[in-house]
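Everything on this sheet refers to the single structure shown next.
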Amino acid sequence: MTTETQGTPRTYDVRTYGCQMNVHDSERISGLMEDAGYVRAADVDAADVVVFNTCAVRENADNRLYGNLGHLRPTKLKHPGMQIAVGGCLAQKDQGDIVKKAPWVDVVFGTHNIGSLPALLERARHNEEAQVEILESLEVFPSTLPTKRESTYAGWVSISVGCNNTCTFCIVPSLRGKEKDRRPGDILAEVRALVAEGVLEVTLLGQNVNSYGVEFGDRLAFGKLLRATGEIEGLERVRFTSPHPKDFTDDVIAAMAETPNVCHSLHMPLQSGSDRVLKAMRRSYRQEKYLGIIEKVRAAMPDAAITTDIIVGFPGETEEDFEQTLEVVRRARFSSAFTFQYSKRPGTPAATMEEQVPKAVVQDRYNRLIATLEDITWDENKKLVGSKVEVLVAVGEGRKDERTGRLSGRARDGRLVHFNTGDLAPRPGDIIETVVTYAAPHHLNADGEPLSHRRTRAGDASEAGRTPKLKGVSLGLPTLGVPAPLPPAEGCAL
């Protein structure tokens with residue numbers, strides 16, 4: 001198969017919406033496209049192939065996709081041979097309806113068959129008609145696919161796909177399927193491959209990372225996996241997202257506290273602080289259990305930064321229910337939160353529930369939640385003024401950096417830090433030590449001279465314009481029987 005037209009490789013652009021899973025899937029889509037001979041478009045408005053990797057979680061996801069497809073139609077009419085592909089969760093949900101609503105789309109593929117994209121594009125060109133291929137279950141674990149990483153210094157690593165929970169507001173299980181776990185050795189092999197390319201930080205990904213191991217019968221597998229990352233030389237930071245409070249166990253807290261490269265940052269979705277609403281959501285934990293986990297985390301790691309997800313206006317939510325959410329926010333002292341106004345998703349039980357909360361009421365509660373959160377996050381950030389932080393220099397984190405002359409990056413606890421470079425010239429992927437001089441609700445400033453600058457292999461790769469491109473860790477899904485044991489962890493091993 002070739003993508004060349006008159007000796008010129010065809011170009012592509014991937015446009016991503018949604019969660020970290022989608023961001024990581026887009027890295028795989030880019031890897032597949034380049035493996036098939038495409039090159040990334042220097043001018044995205046002139047790409048030969050545009051791939052939309054979609055999300056179906058929010059109510060306006062459909063409108064956003066079809067609006068973007070509509071804006072692209074004139075471009076396609078002026079660009080003979082251009083192709084448009086739609087994948088991701090919305091493609092899995094709408095399937096053939098996409099080409100009915102937007103007949104200028106060439107390919108529709110689902111969450112379970114990302115690897116089919118190059119062949120589907122070629123088939124659509126040859127047959128001169130749209131190709132729609134949606135699989136209902138995973139055939140190949142995505143990590144077996146080639147991957148073009150977007151960062152020289154940080155990488156996503158999937159430890160599982162799918163979800164076994166039945167939250168009434170969530171459409172993800174029906175689009176991503178039941179949970180499938182990778183074998184521990186396979187995950188560690190991918191991490192080692194990234195580190196060999198210069199990556200300093202990995203984030204372990206799953207719809208519910210701390211239920212990892214359910215498929216091969218080891219409920220302590222996630223804690224063991226965290227400890228095993230401590231044995232990987234050159235890996236400086238490990239994060240994970242997202243855990244579920246119902247599966248969060250003490251061994252995971254111990255692994256976080258005792259493993260030097262596991263960051264003391266935890267994203268723990270709350271959704272609601274009301275036991276009554278949590279029950280209606282089918283979230284199988286209650287307020288006190290949630291706060292008990294936070295208390296244990298802080299006892300083991302006093303410096304832990306804890307973030308969360310909160311939904312406002314779930315059907316039937318009363319003012320008393322909302323006040324319970326505010327109470328948990330005040331007690332938990334989150335360092336930041338992703339906040340959402342409830343939106344109906346067709347196909348979810350919550351969409352047909354009675355007592356849908358009026359929009360004006362939801363907006364008022366949302367505003368009050370944001371105000372409460374910002375007061376808390378600002379207070380917590382102010383406590384860090386005068387403290388020393390280690391910052392991993394990043395790309396594109398700060399909107400004002402070009403004007404102020406600062407660079408930006410993330411501290412080990414995940415907080416965003418804008419820092420003065422002084423006479424230094426740090427590169428993305430380098431490590432800076434500096435002192436916090438100012439705190440805002442959503443970031444920290446360090447305006448003094450940096451204390452130190454450590455050049456890294458990730459910085460070397462960034463300077464050379466080189467990002468990791470893995471051919472795929474061809475390791476597949478777990479097989480029957482007892483999995484291979486994890487490497488032994490001596491003492492310390494998101």
Side-chain angles (χ1 to χ4, degrees), residues 19-20 23-24 151 153-157 159 191 199-206 208-210 212 222-223 225-227 229-230 235-245 247-270 290-291 293-310 329 332-339 373 376-381 383-384 387-394 397 408-419 431-434 436 439-444 446 492-494:
C19 67
Q20 296 96 331
V23 173
H24 190 28
S151 170
Y153 50 86
W156 309 103
V157 176
I159 69 170
V191 174
V199 165
L200 302 180
E201 174 181 299
V202 298
T203 301
L204 305 177
L205 280 182
N208 179 10
V209 289
N210 56 321
Y212 173 72
F222 186 59
L225 182 64
L226 288 178
R227 290 184 183 276
T229 62
L235 179 60
E236 298 193 17
R237 296 184 178 188
V238 179
R239 305 186 191 277
F240 59 88
T241 194
S242 287
H244 194 297
D247 296 312
F248 208 87
T249 50
D250 291 349
D251 67 294
V252 171
I253 298 173
M256 291 179 66
E258 296 167 5
T259 309
N261 62 1
V262 176
C263 295
H264 292 179
S265 61
L266 174 64
H267 185 73
M268 178 76 81
L270 169 65
Y290 185 93
L291 288 169
I293 294 170
I294 302 298
E295 184 178 336
K296 289 179 180 179
V297 169
R298 291 229 163 92
M301 295 166 283
D303 61 338
I306 300 172
T307 61
T308 196
D309 297 333
I310 300 173
V329 168
R333 309 292 297 177
F334 297 114
S335 62
S336 69
F338 295 98
T339 53
L373 280 165
I376 291 168
T377 58
W378 199 0
D379 282 345
E380 293 300 306
N381 281 353
K383 295 175 184 177
L384 297 174
S387 64
K388 184 171 69 174
V389 288
E390 177 196 276
V391 182
L392 176 57
V393 184
E397 290 276 20
S408 296
R410 296 280 170 176
R412 289 189 64 85
D413 66 5
R415 284 181 167 90
L416 176 62
V417 181
H418 304 298
F419 64 92
I431 298 290
I432 288 287
E433 280 193 328
T434 187
V436 177
H442 304 294
H443 69 270
L444 303 171
C492 304
L494 144 164

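What you see below is based on every heavy atom in this structure, not just the backbone, and it leaves out hydrogens, waters and symmetry mates.
The side-chain heavy atoms of Arg333 and Arg298, taken from C-beta on, include a pair separated by under 4.5 Å. Inter-residue side-chain proximity for Ile310 and Val329 is flagged as met; some heavy-atom pair is nearer than 4.5 Å. With a 4.5 Å cut-off on side-chain heavy atoms, Ile294 and Val297 do not count as touching. Under the 4.5 Å side-chain criterion, counting only non-hydrogen atoms from C-beta, Val393 is not in contact with Tyr153. Proximity of Leu270 to Asp309: side-chain heavy atoms (C-beta onward) are nowhere separated by under 4.5 Å. Two residues are said to be in side-chain contact when any heavy atoms from C-beta on lie closer than 4.5 Å; Thr434 and Val389 meet this criterion. Side-chain contact check for Leu226 versus Met256: some heavy-atom pair is nearer than 4.5 Å. Using a 4.5 Å heavy-atom threshold, the side chains of His267 and Thr307 count as touching.
With Leu204 as the partner, the side-chain contact (heavy atoms from CB on, under 4.5 Å) test is satisfied by one option alone out of Phe222, Tyr212, Trp156: Phe222.
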Point to revise | Glu236 and Leu392: CA distance, side-chain angles, deciding distance, side chain to side chain contact (heavy atoms under 4.5 Å, CB included) verdict | key: CA-CA 10 Å; Glu236 298 193 17; Leu392 176 57; over 6 Å; no
Could you go through the side chain to side chain contact (heavy atoms under 4.5 Å, CB included) check for Ile431 and Glu390 one step at a time? CA-CA 7 Å; Ile431 298 290; Glu390 177 196 276; 3.5 Å; yes
**Request:** Kindly indicate, with the supporting measurements, whether the criterion side-chain hydrogen bond (donor to acceptor under 3.5 Å, both in side chains) is fulfilled by Asn208 and His244.
**Result:** CA-CA 6 Å; Asn208 179 10; His244 194 297; 5.4 Å; no
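The two residues Thr377 and Pro441 make their nearest non-hydrogen contact at OG1-O, 3.2 Å. Here the shortest heavy-atom pairing between Ile293 and Ile253 reads O-CD1, 4.4 Å. Among all heavy-atom pairs drawn from Asn210 and Ser242, the shortest one is OD1-O, 4.5 Å. The two atoms that bring Phe334 and Leu373 nearest to each other are CD1-CD2, 4.4 Å, heavy atoms only.
Looking only at distances, no side-chain donor or acceptor of Arg412 sits under 3.5 Å from a matching main-chain atom of Ser265. In terms of modelled atom types and a separation under 3.5 Å, the side chain of Asn261 and the main chain of Thr229 share a donor-acceptor contact. Side chain of Thr203 to main chain of Arg239: no donor-acceptor pair is present (N/O by atom type, distance under 3.5 Å, no hydrogens or angles). Between the Ser408 side chain and the His418 main chain, no donor and acceptor come within less than 3.5 Å of each other. Between the side chain of Tyr290 and the backbone N or O of Ala332 there is no donor-acceptor pair closer than 3.5 Å.
Counting only N and O atoms by type, the side chains of Asn381 and His443 include no donor and acceptor under 3.5 Å apart. Looking only at atom types and distance, the side chain of Arg415 has no donor-acceptor partner in the side chain of Ser335 under 3.5 Å away.
Once rounded to the nearest 0.5 Å, the distance linking CE of Met301 with CG of Asp413 reads 12.0 Å.
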